[in-house]
Amino acid sequence: MQVHLINPSHVSFGTAVITPRWLYVLAAATPEPFGDPVLVDETLSPLNSDKIQPGDVVGIGIHTGNALRGYEVGRLAREKGAYVVFGGIHATLYPEEARDLGHAHAVVKGDGDIIWAKVLGDCRRGVPAGIYSGGQVEASDLVPARWDLVPRNRYMWASVQTVRGCRKHCSFCSVWRTDGQRPRQSASQPVIEEIVQLRRLGFRFVALADDNFYTVALNDLHLASRRGDKQRFEELKAMRAERFELMERLALLPPDMVFYTQITMEAAEDPAFLDAMRRANIKGALVGVESVTPEGLKDVYKDFNLSGRGLIDRLRTFRRHDIHVLGSFIFGLPSDEPGTFGATAEVAQSAELTFAQFLTLTPFPGTVDFERWERSHNGNPERIMGVPLTRHWLIPHAQRPKIYSPHPAMSADEIRQRTQSVWERFYSFGLIWRRSRFLKSLKARLTFVLISKIYRQMYADTGLATDSGRIARSRRLAGWLAKPCRYLFSARPMPELRVPDPCAVDAAAQV
Ligand code: SF4
């Protein structure tokens, strides 16, 4: 009985930006008697189903974006006589869908780290249960990934997770509902061990693939202290100290390492934290700006962000600490007006963002927005190719609408076109070249231009273009550009690298 783990994708580029971490975590959670699983990442190359034999177990992890392909893979595997098991955020939210459309024998809801061994045991005995509840695994039980199985020279970035869950409650995001609002923060030792393993293999770019790296804001401490809640205050302080300890240990790793994470904008008010990030070589962060207007921030329940001048100052603060920001914006919010697009492009430029992404409001399952949007159809949604709009991920890509909610002031087409033009403006050659000024050499500046263009190509055209010819061209171009780009990210392996001694850090002194 062979175990296969498959990360589904309709598009394979041969090279991928980031390792799908879940494959390597579940590989580690696979008990030894089952042997090493066969790992298939379809963002690299499509599945060869001839390798699946009757009685094998095929684990398929899906999020909403790749669920449709995941179901195709599930049906193929079932035809081959394998046990089909689905997991991931989307399967957790819609287990029946995975059973009906993906022909699943079993669905794992929640984290797979612990329950996976039981699933495999049940399949071996021929008695898989329909549903397994993996729950929210405590940080101390999170399984470190098996990086010895990662293919060489195929990925630009590796991914390590230091925390699951987020205290916030943004209306368009499902993280706080699926991963919980209590951040489950790993101790520094297993994180550092994984990173050292990756650097030994030649990965020097590592994404800290966290829901929100800034687990304790200064304001959280302030509120606990004002309430006189001593126990809570001490808990938060300990968590914060743990973050500092991790960053101080990251700083002891080889200086050519580059880390990137995801963080809330409040971190800009915490210079000690930003300084620690700089020392740790966390050189970039995705910051969810979402909207440049107070009305827009209210639309998405993100009023802890600032707008106007305060917003620009906060974003620039990251740059003053040498942290490059990928700013994420959403268009199509109810309060957006035609002028919002230009204003956003201005803010993105003047806030000194290094990269930016401009998304259109999409109701994703598991979010507050989705529930509200689904209810608004009164059980009678429009159908496209027989699929209700409220199950938009099941509509073939080419026919999927780009905008889902009717807007009070603009047509769907206007929002799409204006969004496209903001992408074009931000990623025009002139502005990219101007943004590259922080780099010294011509070679580095040209590399920056190449990376910016790939980023735009991968995310703008494929997401927003409406004609299939343009989408196909964009994907081809992104694929061609990605291959030479991967070499820019590789480094000489360091098999002799040791895990830095934890005693070398006096974290408490840094807080
Ligand atoms: S968008 Fe970010 S800050 Fe908001 S809930 Fe999701 S992870 Fe947390």
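Read the numbers this way: they start at 1 and go in the same order the structure lists the ligands and their atoms. Quick caveat, the model's predicted, so the values are computed rather than measured.
- Listed by number with element, the atoms of ligand 1 under 4.0 angstrom from any heavy atom of W176 are 5 (S).
- One distance of note links CG of D369 with CZ of F172; it measures 8.5 Å at 0.5 Å rounding.
- Looking at L389 and W373, their side chains come closer than 4.5 Å, going by heavy atoms from C-beta outward.
- F213 carries R243 over the face of its six-membered ring, with the cationic atom under 6.0 Å from the centre and within 45° of the normal.
- Atoms of ligand 1 lying under 4.0 Å from at least one heavy atom of D211, given by number and element, are 7 (S).
- A heavy-atom distance below 4.5 Å is not found between the side chains of R391 and P365.
- Atom numbering of ligand 1 starts at 1 in the shown order; those under 4.0 Å from a heavy atom of C166 are 3 (S), 5 (S), 7 (S), 8 (Fe).
- Among all non-hydrogen protein atoms, the one lying nearest atom 4 (Fe) of ligand 1 is C170 SG, 2.3 Å.
- Using a 4.0 Å cut-off between heavy atoms, C173 contacts ligand 1 through its side chain alone, with no backbone atom that close.
- Nearest heavy atom pair, residue H90 against residue H63, reads CB-C, 3.6 Å.
- Within ligand 1, the atoms closer than 4.0 Å to a non-hydrogen atom of T264 are 3 (S), numbered from 1 in the order shown.
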